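In what follows, a structure is listed as structure tokens, so that the remarks can point back to it.
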Number of protein chains: 2
Amino acid sequence: MKGIRQLAEHLDVSIGTVSRALNGKPDVNEETRRRVLEAAEKLGYVANQSGRALRKGATGVIGFMMQTGREITGQGDTFFMSVFDGVQAVLARHKLDLVALLCSSEEDPDDYLRRMVARGFADGIILSATRRHDPRFEFLARHHIPFVTLGRSLTDVGQPWIDLDFEAMAEQSVERLVGAGHREIGFVWPHGDLNLGYVFIERCRQALARFGLTLSEHNIFRTTPSEMGGYRVAREISSVERPPTALILVNETLVTGLYRGLQEVGLEPGRDIAIIGRQSPQARFLSPSLTGFDLSLRDLGVALAEGLLSTMTTYAERYPKAARQKLWPMTLIEGESG
Amino acid sequence: MKGIRQLAEHLDVSIGTVSRALNGKPDVNEETRRRVLEAAEKLGYVANQSGRALRKGATGVIGFMMQTGREITGQGDTFFMSVFDGVQAVLARHKLDLVALLCSSEEDPDDYLRRMVARGFADGIILSATRRHDPRFEFLARHHIPFVTLGRSLTDVGQPWIDLDFEAMAEQSVERLVGAGHREIGFVWPHGDLNLGYVFIERCRQALARFGLTLSEHNIFRTTPSEMGGYRVAREISSVERPPTALILVNETLVTGLYRGLQEVGLEPGRDIAIIGRQSPQARFLSPSLTGFDLSLRDLGVALAEGLLSTMTTYAERYPKAARQKLWPMTLIEGESG
DNA sequence: ACCAACTCCGTAAACGTTTACGATCGTAGT
DNA sequence: ACTACGATCGTAAACGTTTACGGAGTTGGT
């Protein structure tokens with residue numbers, strides 16, 4: 001089936017009627033509508049994306065921007081796959097489709113987004129891996145593109161965002177570790193301009209201060225947010241003069257390499273060094289089991305989508321109540337590691 | 001900048017000239033072209049996706065289909081991200097963009113693909129998680145949509161594919177284990193209709209036969225391709241009357257859970273039970289280190305893209321040599337586990 | 001019998017781009 | 001001076017859809 005025209009003359013009605021029937025417009029006879037729907041189904045007709053988008057000025061597509069290749073976020077694939085599922089559950093109710101806009105490691109992410117937006121590829125954008133200074137925020141705001149971010153930034157422009165509650169995580173972690181007698185606590189801070197690192201370390205500093213402790217530079221371990229990054233931290237710890245007795249990881253992916261590294265230098269999590277991190281499908285099966293923060297990824301996706309829709313004029317009235325900016329709660333699951 | 005019309009009258013030339021200048025058409029004065037390019041850059045003009053696609057009958061977009069939510073493929077975190085990067089390296093040379101078409105867990109994948117194709121969303125499709133019987137193959141062939149698959153299927157329609165060389169993996173694994181004296185070898189087979197399981201198990205059967213051994217049903221462990229799936233296998237092994245002395249895993253993700261499960265029942269990989277699996281960023285840091293098959297994911301992505309382009313008339317002449325159907329080699333990296 | 005109101009449907013314009021076609025101008029060859 | 005030709009550009013049609021507008025037919029009220 002090539003187009004609406006073929007479908008129309010096959011049914012012996014005008015293309016206008018066919019279009020109205022398919023789009024649920026009121027002024028079309030119910031019998032006619034039934035025939036049109038039936039024929040469209042049988043012949044497998046689906047309205048052409050480009051024609052429809054051109055005329056309507058909207059694509060019906062929401063883009064979730066990600067970067068391929070390099071380790072960027074320190075989140076695993078299953079992290080995003082679960083979030084996607086929640087996003088889609090909401091979008092599907094409005095006949096919106098979600099696609100992942102994949103920015104190659106060879107292209108600048110800011111340029112990539114500019115290009116996609118200028119092309120009019122998507123009606124709305126979801127950003128992740130937000131940086132401390134993120135030019136994408138201003139750009140999207142300036143061009144009035146509805147968007148929502150998974151993560152905050154100093155360049156906040158009032159758009160909806162949802163971010164993991166790293167503040168609460170920092171506080172609870174520090175409280176728990178200090179309560180267990182730890183005084184030298186190490187913090188693993190992923191390289192790069194990712195915003196979450198700054199938020200996390202700052203709140204840790206404050207939490208320590210409440211116990212009269214200071215966060216000294218030698219207890220901050222900067223590394224890449226990958227398994228290898230975690231491994232390097234372990235080796236570094238073993239070679240430092242006054243190693244921390246506890247470690248807090250803000251990333252998901254680091255912990256696998258860290259465990260291996262610690263084992264190689266003869267340190268057992270939970271016995272020789274306390275570890276608090278983030279739960280993940282892998283972390284569940286570490287040994288000793290990880291003490292870490294868990295969250296509902298699918299619900300997070302739902303909230304993201306609702307936040308986005310609340311900024312889109314077409315759907316806004318149905319999502320007025322969506323919390324525009326929200327820290328997403330995480331709950332500590334106690335394991336053997338700390 | 002709204003459209004080519006504004007840009008044209010700002011430069012005081014016709015829209016035809018602007019279009020030709022931007023698209024690198026020959027019959028435009030070099031000085032004019034320079035002015036157009038400059039103005040477009042300065043004003044941030046990028047041709048509207050819908051208008052261009054409508055007129056050209058091509059979108060310039062390649063879609064990589066994935067399913068969100070559920071564990072499907074048994075590939076780990078960075079598997080696809082690395083493949084994407086290779087795909088993009090090739091596509092970028094032809095100004096093609098890669099997006100991930102995300103099929104919600106609530107929608108039937110076959111329906112989803114139909115919908116996307118009928119809408120004319122992408123000029124070409126890359127399929128993964130191919131099933132033993134995969135209706136998507138016929139559908140795409142019937143509609144003359146260029147596509148390539150990561151994985152084979154019984155429903156092969158002659159399209160290019162690339163698949164991991166599970167045959168070689170099966171043979172080498174069996175050879176190695178039998179050579180080390182193992183007679184009872186277990187095979188972990190992921191649930192579902194995924195094609196790779198069938199290919200793998202069949203070749204294992206053949207390899208065993210060459211040593212006069214038969215693959216008995218009680219040595220096939222079917223489970224979900226997730227960490228939890230691996231964990232369950234370990235528990236199952238411990239409860240079975242005659243447990244295998246070696247285990248071969250065709251999936252990436254299983255191994256984390258398996259290790260934990262084995263440890264809980266007091267079995268150490270490499271000492272009490274031999275394990276051969278697949279390398280991955282996580283597997284590198286398992287302890288004891290995994291003996292497993294590794295591959296170049298980025299190059300695999302490059303090959304996939306080349307295979308796809310060789311079927312697209314616009315690009316085919318530049319990729320005539322692309323191997324149309326190819327088993328992708330994996331190399332065994334020896335670890336402590338088997 | 002007439003008019004109003006309503007239901008249903010066809011017509012045609014518009015969305016932003018690309019490209020076939022033809023027009024214009026200058027240059028060179030005879 | 002005439003023709004041929006190449007270089008450059010403008011014009012307009014086309015892509016497939018949605019939708020404002022208006023027309024035809026029917027109903028119902030007076």
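Residue numbers begin at 1 in each chain, while the letters A, B, ... track the order of the sequences. Source: prediction; values computed, not measured.
In this structure, the ring of B/Y45 has its center no less than 6.0 angstrom from the ring center of B/H10.
Side chains of B/Q49 and B/T59: a donor-acceptor N/O pair is absent below 3.5 angstrom, by distance only.
Spacing between atom CD of A/E9 and atom C1' of C/dG10 amounts to 15 Å, rounded to whole angstrom units. Here the C1' atom of nucleotide C/dC15 and the CG atom of A/N48 are 13 Å apart, to the nearest Å. To the nearest angstrom, P of C/dG16 lies 16 Å from CD of A/Q49. If you measure from atom CZ of A/R33 to atom P of C/dC8, you get 10 Å, rounded to the nearest angstrom. Nucleotide D/dA12 holds its P atom 12 Å from the CZ atom of B/R5, rounded to whole Å. Atom CD in B/Q6 sits roughly 13 Å away from atom C1' in C/dT17 (whole-Å rounding). C/dT18 atom P lies 12 Å from atom CG of A/L54, rounded to whole Å. Atom C1' of nucleotide D/dG16 and atom OH of A/Y45 are separated by 7 Å, given to the nearest angstrom.
The only member of A/D123, A/T311, A/L140 that meets side chain to side chain contact (heavy atoms under 4.5 Å, CB included) when paired with A/I145 is A/L140.
Residue whose closest nucleotide on DNA chain D sits further toward the 5' end, between B/V18 and A/G51: B/V18.
Annotation for B/E41: atom CD does not count as buried by contact number, only 12 or fewer foreign heavy atoms lying within 6.0 Å. Applying the 6.0 Å contact sphere to CG of B/D27 captures more than 12 heavy atoms from other residues, nucleotides or ligands.
Of the candidates D/dT17, C/dG10, C/dT17, the closest approach to any side-chain atom of A/V13 belongs to C/dG10. Among the nucleotides D/dG16, C/dT18, D/dT17, the one closest to the side chain of B/R52 is C/dT18.
Under 4.0 angstrom from either OP1 or OP2 of C/dC8 there lies at least one side-chain N or O belonging to A/N29.
Note on A/D163 versus A/R152: salt bridge recorded, some NZ/NE/NH1/NH2 to OD/OE distance being below 4.0 Å. Taking 4.0 Å as the cut-off between side-chain N and carboxylate O, A/R298 and B/E106 count as a salt-bridged pair.
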**Message:** Does the protein touch nucleotides 19-26 of chain C at the base, only the backbone, or not at all? Give it as B, S and - per nucleotide, heavy atoms under 4.0 Å.
**Reply:** BB------
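Residue contacts shown for B/T32 are limited to sugar-phosphate atoms, with no base heavy atom under 4.0 Å away.
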